[in-house]
Amino acid sequence: MIHDTSDPTQQPAPPVPDVPAPEPSARSLRGQDVDPASIPAEEDEEARLPEPVDDSAEFEPEGTLAVGRAAIERAVKLAPTSPGVYRMLNSANDVLYVGKAKSVKKRLTSYARPTGQVARIARMIAATVNVEIISTATETEALLLEANLIKQLRPRFNVLLRDDKSFPYILITGDHWAPQILKHRGAQTRPGRYFGPFASVGAVNRTITALQRAFLVRSCTDAFFESRTRPCLLYQIKRCAGPCTGEIDFPGYTELVREASDFLSGRSRLVKQELAGEMEKASNDLEFERAALYRDRLAALSAIQSQQGINPRTVEEADVFAIHQEGGYSCVEVFFFRTGQNWGNRAYFPRADKAMPPEEVLGSFLAQFYDDKPPPKLILLSHRIDDQDLLGEALGVKAAHKVEVSTPQRGEKKELVAHALTNAREALGRKLADTATQTRLLQGLSAALGLARVPQRIEVYDNSHIQGTNAVGAMIVAGPEGFLKNQYRKFNIKSEGLAPGDDYGMMREVLERRFKRLINEAAEGKKPADDSVPQWPDLVIIDGGQGQLNAAREIFESLNLSQVSLIAVAKGPDRDAGRETLFMPDRPSIKLEPRDPVLYFIQRLRDEAHRFVIGSHRKLRKKDIREAGLQEIPGIGPSRKRALLHHFGTLKEIERASVADLGKVPGVSAESARKIFDFFHPGNG
């Protein structure tokens with residue numbers, strides 16, 4: 001899908017490179033091709049298997065079923081014969097199930113029948129004490145509302161889509177005379193052309209890197225661009241045309257941007273023909289350096305298409321869905337094809353009862369999948385679903401263009417579905433194998449530590465600071481599915497009475513804040529956003545020795561947390577891995593064998609917590625350093641500070657700026673510009 005939000009009336013302006021700037025390091029080059037709006041969701045989390053849902057074991061006692069049927073029969077008397085959405089609720093007013101129907105009255109009547117219900121439906125009926133109904137004008141509206149409510153309410157008896165974050169796009173900006181190429185997530189509000197969706201950030205990164213080699217379009221920020229007086233490293237390694245310093249003129253750079261847009265729009269064959277023609281022309285004119293440049297650009301384009309794997313010949317824009325079931329789990333593999341190119345694939349593991357057929361799981365999955373995403377013109381499925389035509393009609397209304405939902409039986413479309421089905425089968429097999437390995441490690445950990453049960457949620461805590469400054473604590477979470485990164489949390493240390501470097505005090509604050517919040521949420525009846533992950537930990541691991549354990553134990557005892565097991569992991573002599581000591585309350589410390597898989601597992605947990613807390617600390621320290629210099633300048637308040645950082649990007653660029661450049665910043669007067677310059681250049685007045 002391609003979206004164009006650029007302003008055709010904008011006039012180009014020539015660059016004014018009068019502010020010197022240092023050559024960027026490899027570290028500074030990373031992240032320049034990122035839209036700031038995308039930063040919070042930059043990393044893709046690995047999809048994980050849901051908790052198994054098995055409601056097929058037994059029926060509820062007939063008496064309980066009778067109570068549920070009676071509640072439904074009361075709702076039938078008031079139910080309309082028109083389309084709508086119904087919600088079944090239990091005694092705690094929790095939504096058990098959300099459904100839609102062409103005739104709500106007929107659908108509810110089917111639930112009230114005394115026989116013919118499968119086990120899952122019987123259990124749902126038995127738990128029902130009330131039914132709420134929302135009427136809609138059409139069945140199409142009912143389908144869209146049902147999908148929205150399922151994602152919002154996450155009912156126990158519905159198929160639940162997880163890992164449904166927004167997809168990344170490639171953006172070629174339209175608000176600067178020299179457009180920038182970058183990856184973007186979220187609302188498409190910035191002027192420019194958006195190309196996507198891509199399956200992952202990795203797919204976008206690879207494509208952008210190859211596009212830079214092929215079309216030499218810049219990826220640096222506007223502030224970095226405006227500050228250049230000589231080309232940066234990307235120009236030297238032939239990944240940018242150098243428009244910042246006039247290495248290429250405006251018409252030439254505009255042509256490069258046009259070629260990049262044409263390639264992403266599906267006109268790749270035409271672009272390659274044009275480049276091949278220019279290469280041959282340059283060779284005939286004996287301009288071999290220019291011919292070599294075109295040769296390298298053609299090679300970069302070929303690399304993009306080779307990395308994309310399967311590329312369809314007759315399908316220009318489509319999403320392909322294939323579902324495979326095994327071991328009580330379902331995997332839905334999704335492939336994205338845009339402009340005749342494969343823009344990646346992703347595996348999903350929706351939460352569903354193991355007795356549900358693949359057609360039912362896939363149908364519910366699709367409605368939720370497109371609740372917050374633009375559908376393409378064609379959707380190809382491995383299984384024909386109920387209401388397939390209705391889904392196409394509903395998505396067409398939402399997208400304002402015709403959407404065809406098809407289950408192909410022959411030809412290239414059938415081959416695309418078969419390829420997706422193979423990937424779904426392999427993805428589920430890998431996930432089941434990984435889960436089995438993780439389960440064995442958890443069982444071994446439970447045995448080694450003498451735990452009452454195998455932990456389903458492990459929380460690991462660590463702190464980081466430099467002489468007490470920028471102190472931050474962090475929590476990482478692991479379980480049967482491995483690391484649960486969407487459950488990670490960081491804690492900015494707030495206690496004012498702590499002595500610099502008081503690790504014990506920091507740990508007390510982190511644990512107290514964490515578990516007081518859990519206790520309060522439990523008292524208020526709040527549920528976690530992802531109800532497939534346990535809210536309370538079975539095991540807490542502290543990075544440290546006996547002192548850290550005692551600090552944590554004090555908090556646990558004050559909050560009466562007897563149900564949570566606690567251990568501290570102390571590094572060995574000379575901090576050698578493999579010689580760690582494990583401390584536990586009221587028990588002697590233990591050491592595991594250096595090659596024990598359980599010890600490796602504990603080391604991985606500790607190292608992941610260390611990695612996460614160090615990263616959080618560095619971000620905090622970097623922000624503090626960036627702002628510290630400005631805070632000391634007399635007369636520079638928060639508004640001017642933000643304006644300066646927004647204009648120049650970094651404190652170093654502000655320090656390098658001339659008085660005239662400082663005066664160009666909105667809100668900075670000539671007098672303020674002189675004060676700022678004098679602060680950084682004393683004696684140079």
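Hydrogens, waters and symmetry mates play no part in the numbers below; they use all other heavy atoms, side chains included. Throughout, numbering of the chain's residues begins at 1 and tracks the sequence.
At least one donor-acceptor pair closer than 3.5 Å links the side chain of Q325 to the backbone N or O of M356. Between the side chain of S364 and the backbone N or O of E360, no donor-acceptor pair lies under 3.5 Å. Between the side chain of E326 and the backbone N or O of R425 there is no donor-acceptor pair closer than 3.5 Å. Using a distance-only test at 3.5 Å, with no hydrogens or angles considered, a donor-acceptor pair links the side chain of Q388 to the main chain of I385. Y253 contributes no side-chain N or O that, together with a main-chain N or O of E247, makes up a donor-acceptor pair within less than 3.5 Å. The main-chain N or O of D371 is found under 3.5 Å from a side-chain atom of K398 such that the two form a donor-acceptor pair. Panel note: side chain T173, backbone Q180; a donor-acceptor pair is recorded below 3.5 Å.
Two residues are said to be in side-chain contact when any heavy atoms from C-beta on lie closer than 4.5 Å; K100 and T136 fail this criterion. Proximity of W177 to T254: side-chain heavy atoms (C-beta onward) are nowhere separated by under 4.5 Å. Residues I323 and F365 fail the side-chain proximity criterion, which asks for heavy atoms closer than 4.5 Å. In this structure the side chain of P480 reaches within 4.5 angstrom of the side chain of Q456, judged on heavy atoms. Looking only at side-chain heavy atoms (C-beta outward), I208 and I170 come within less than 4.5 Å of each other. The side-chain heavy atoms of L182 and R190, taken from C-beta on, include a pair separated by under 4.5 Å. Counting heavy atoms from C-beta on, the side chains of L381 and L366 come closer than 4.5 Å. Side-chain contact between Y169 and L171 is absent, with no heavy atoms from C-beta onward closer than 4.5 Å.
Atoms CZ and OG, from R384 and S406 in turn, are 8.5 Å apart once rounded to the nearest 0.5 Å. F349 CZ to Y329 OH: the interatomic distance, rounded to the nearest 0.5 Å, is 11.0 Å. Taken from SG in C331 to CG in L421, the straight-line distance is 9.5 Å, to the nearest 0.5 Å. One finds the NZ atom of K414 at 9.0 Å from the OG1 atom of T407 (value rounded to the nearest 0.5 Å). A distance of 12.5 Å separates CZ in R87 from CG in D94, rounded to the nearest 0.5 Å. Between the OH atom in Y235 and the SG atom in C244 there is a gap of 9.5 Å [rounded to 0.5 Å].
R218 and A178 make their closest contact through NE-O, 2.7 Å (heavy atoms, listed as atom of the first residue, atom of the second, distance). The two residues Q368 and K151 come nearest to each other via the heavy atoms O-CD, 3.4 Å. Residue F483 comes nearest to I476 through the heavy atom pair CE2-CD1, 3.9 Å, listed as atom of the first residue, atom of the second, then distance. Closest heavy-atom contact between H176 and F225: CE1-CE2, 3.5 Å. Considering every non-hydrogen atom in both E333 and A427, the closest pair reads OE1-CB, 3.8 Å. Contact between E359 and H383 at its shortest, heavy atoms only, is OE2-CD2, 3.6 Å.
Test K377, R338, K373 against D319 for side-chain hydrogen bond (donor to acceptor under 3.5 Å, both in side chains) and you get one pass: R338. With E146 as the partner, the side chain to side chain contact (heavy atoms under 4.5 Å, CB included) test is satisfied by one option alone out of I150, L149, L144: I150. Screening W343, F167, F198 for a ring-ring contact (aromatic ring centres under 6.0 Å, His included) involving F336 leaves a single residue, F167.
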Please lay out, stage by stage, how E459 and R489 fare under the test side chain to side chain contact (heavy atoms under 4.5 Å, CB included).
-> CA-CA 10 Å; E459 294 183 355; R489 297 292 182 268; over 6 Å; no
Derivation of the side chain to side chain contact (heavy atoms under 4.5 Å, CB included) call for E608 and K485 | CA-CA 10 Å; E608 172 68 3; K485 295 188 176 181; 4.2 Å; yes
Taking it one step at a time, do F215 and I181 satisfy side chain to side chain contact (heavy atoms under 4.5 Å, CB included)?
-> CA-CA 10 Å; F215 301 110; I181 188 169; over 6 Å; no
Quick one: do I172 and F195 satisfy side chain to side chain contact (heavy atoms under 4.5 Å, CB included)? Show the steps, please.
-> CA-CA 8 Å; I172 297 181; F195 303 90; 4.0 Å; yes
List the steps, then state whether salt bridge (Lys or Arg N to Asp or Glu O under 4.0 Å) holds for R430 with D434.
-> CA-CA 6 Å; R430 288 192 301 270; D434 292 344; over 6 Å; no
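Taking the six-membered ring where tryptophan is involved, the planes of F369 and Y348 are perpendicular, since the angle between them exceeds 60° and thus also 30°.
One finds no salt bridge joining K402 and E404 here, because no Lys/Arg side-chain nitrogen approaches an Asp/Glu carboxylate oxygen to under 4.0 Å. Between R611 and D607 there is no salt bridge, since none of the side-chain N atoms of the basic residue sits less than 4.0 Å from a carboxylate O of the acidic one.
No more than 12 heavy-atom neighbours from other residues, nucleotides or ligands sit within 6.0 angstrom of NZ on K102.
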